[in-house]
Protein chains: 2
Amino acid sequence: MDKNGKVTIIDVARKAGVSKGTVDRVVHNRGEVSRKSAEKVRKAIEELQYRPNLYASVLATRKAHMIACLLPIFSKGEFWEKMHAGFLRGGESVSTLNVVTQVFLFDQYDPDSFHAAVAEMLASEPSGVILQPLFKNETLELAVRLRELGIPYVYVDTKLEDPGYFAYYGMPKYKSGRLCARMLTERLDPEEVRDVTVVRITRDKSRRSDPTMERRSGFNDFMDEHFPECRIHQVFIDPNKPESIPDTLDAFAADHPDMKMVVMFNSRIHLIADWLKAHPVKGRRVIGFDNMEKNLEAVRSDIVSILIAEHVEDQTFKAVHALSDYILMHKSIPMRDNYMHMDILTKYNLEYY
Amino acid sequence: MDKNGKVTIIDVARKAGVSKGTVDRVVHNRGEVSRKSAEKVRKAIEELQYRPNLYASVLATRKAHMIACLLPIFSKGEFWEKMHAGFLRGGESVSTLNVVTQVFLFDQYDPDSFHAAVAEMLASEPSGVILQPLFKNETLELAVRLRELGIPYVYVDTKLEDPGYFAYYGMPKYKSGRLCARMLTERLDPEEVRDVTVVRITRDKSRRSDPTMERRSGFNDFMDEHFPECRIHQVFIDPNKPESIPDTLDAFAADHPDMKMVVMFNSRIHLIADWLKAHPVKGRRVIGFDNMEKNLEAVRSDIVSILIAEHVEDQTFKAVHALSDYILMHKSIPMRDNYMHMDILTKYNLEYY
DNA sequence: AAACTTTCCGTGAACGAGCACGGAAATTGC
DNA sequence: GCAATTTCCGTGCTCGTTCACGGAAAGTTT
């Protein structure tokens, strides 16, 4: 024991009657130790409550570990930008631990490019991986592969039904849908809640996972329970053809003149902000998700009433840390599923956000 | 440079044409270096962008640093408990860096006990200190002392007019008062906002700082600007005699039967929850501060409409980290004043908090 | 039982920084 | 100009791990 009462590898070695080399081998179980001495060492570690000194360890390790993050190519102001920022920030803060981070980008509309990114990532032998499962099946395949290779991976924002992930950081999606319904209908009587418009984004349903699905069920369940009479209408817009959005909405509005309640479950409520502004309805309530700058702007100018926001940046940040802790210290995190808290943003609290 | 491209002290020494001992001396400016070589070393450090390796440094340093926190004695459920929790959590997370934390408790109603705690703290030679300035003058004296000793200190929750603090973590108090007024009057017309009751806590004004003062000015300013006709009444209750609270409020209510808007600026709105419950008023709005469990309970049972909450725990946590970074790596934090974000809690979003 | 394998384990040189020690160089005193 | 200080600086051990190397011990083959 040193003067701070810390137990060192030498203490363990002495206690177990072996050398520090042997202790090191069992700590990192890389074999070449007889069953008998391994047992003695483990016993000594247990009794002395030995924990390797992270700093000595980092210092002595030659190899730098790499944490990879698979991300769709994004442009400024998009949801993914925040994930990316959190990843960078996390990478910075673990860089002193000899852990480096690397992003692998792919085209979110092209599975082949996803495969390419995966191949490139695996080739660079990451020690940990961060995933946001855009392509459901492809991601599941990757998960299997990572498990075979013994590489821990964590889901951020959305998780899949998959037994082997190391951790998950995100908001409770289903609950966020319920919360959305509750905020939308707050202080309203059933007769005031007759029609709700859900604006959705058209996408190729074949391959991609639908991250808004859970949110929609939460929303629908709440509405069923509390406002069973309410009709939920859907409009589909195409984000790739922004110029077509007004027409789509015009057409819809022709049939449903009274759009008093409007909801979007993804991060792009700002796409319809202009149209809403041009077609005001007194007392309309509009709820969207995620604190993208464009969305905040829509709240400030009173087009969107409420945004339900998660802290994506914190999520990836924490994911990086969890992985680095695990890689470096074999430390499992206390919680596998980390549901992080949601913010309700209105124009009243926005300026303090 | 090692294989990871990191610049080491040896690189600097070579470049400056001195030995690593000399470089080390200038890095920690502990003298015994000629002006000439010091200059060469500084230049080399600058050019090579040398940053000492934290881990090698921690490993080599014998001394364990101590971060102290001055806190009033608290009981379960109190505001201070959260500060304490954040401090512990922060302490845990820096303990691997050979940094230990220690709490020094005092009686918040007894300046002598504060002095005793300060003396004890200084005697144990802390490398950094965390303060919540309950006693204003005493804290300012301490601040002077700490500056003389070259010990960095950070304010949490409340800060004083004092040039020398290292950092501050808290919510913008003045703004929080404005926010309170805004939420209280949201969607109301001036004629609906005639009388507001502010419940305050009696205290010895002589020595203690009044942490709610700024909040009150924010509140008052907002009301002046938007509802100049509104009368703001004050009731004073004594937290040390909870049994007297009902009488005090009864007496007040006799003169002001229509208590439709009630506000408290400290964390103890729960003290008047029972009375409010027993004296319901239709459409009453009650706003308090801080997410103490008892306050949350009052929100759940619909007695308190809104709580404005800061993340005290995060504040102390970050304070510990900022200090440890500074102590260990001479790293100044980017922001001296860190205004952290406020949450608006209603019974609608509480369950997701 | 000698010659080979295989298994197992101890040794010692890094890693990068901190700091005590002692001695060289510069300065001062007389 | 020599001794005594003072200033300045290099050397080398240390912190707790990691890991390559090489050799002892045990097991196998002929």
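Below, chain A is the first sequence line, B the second, and so on; all start at residue 1.
Within the structure, every pair that satisfies the side-chain hydrogen bond (donor to acceptor under 3.5 Å, both in side chains) test and touches residues 82-91 of chain B, not counting sequence neighbours, is listed here: B/Arg89-B/Glu313, B/Arg89-B/Asp314. Residue pairs meeting the salt bridge (charged side-chain N to carboxylate O under 4.0 Å, His left out) criterion with at least one partner in residues 25-36 of chain A, sequence neighbours excluded, are A/Asp24-A/Arg30. Applying the salt bridge (charged side-chain N to carboxylate O under 4.0 Å, His left out) definition to pairs two or more places apart or across chains, those involving residues 317-328 of chain B are B/Asp325-B/Lys331.
Checked against side chain to side chain contact (heavy atoms under 4.5 Å, CB included), B/Ser57 has the following partners two or more places apart in sequence or in another chain: B/Thr61. B/Glu125 pairs by the salt bridge (Lys or Arg N to Asp or Glu O under 4.0 Å) definition with nothing, not counting sequence neighbours. Residues satisfying the salt bridge (Lys or Arg N to Asp or Glu O under 4.0 Å) test with A/Arg51, not counting sequence neighbours, are none. By the salt bridge (Lys or Arg N to Asp or Glu O under 4.0 Å) test, A/Lys159 pairs with A/Asp337, sequence neighbours left out. A/Lys40 is linked by a salt bridge (Lys or Arg N to Asp or Glu O under 4.0 Å) to nothing, counting only residues two or more places apart in sequence or in another chain.
Rounded to 10 degrees, the angle separating the terminal axes of the helix from C/dA1-D/dT30 to C/dC30-D/dG1 is 40°, with each axis obtained from five end pairs.
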Identify the pairs formed between an N or O of the protein and an N or O of nucleotides 23-27 of chain D at a distance under 3.5 Å, and give each distance.
none

Could I get a table of every N or O pair under 3.5 Å where one atom is in the protein and the other is in nucleotides 20-22 of chain D?
none

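Taking every heavy atom of residues 39-57 of chain B and every atom of DNA chain C, pairs under 4.0 Å involve B/Tyr50, B/Pro52, B/Asn53, B/Ala56, B/Ser57, by number.
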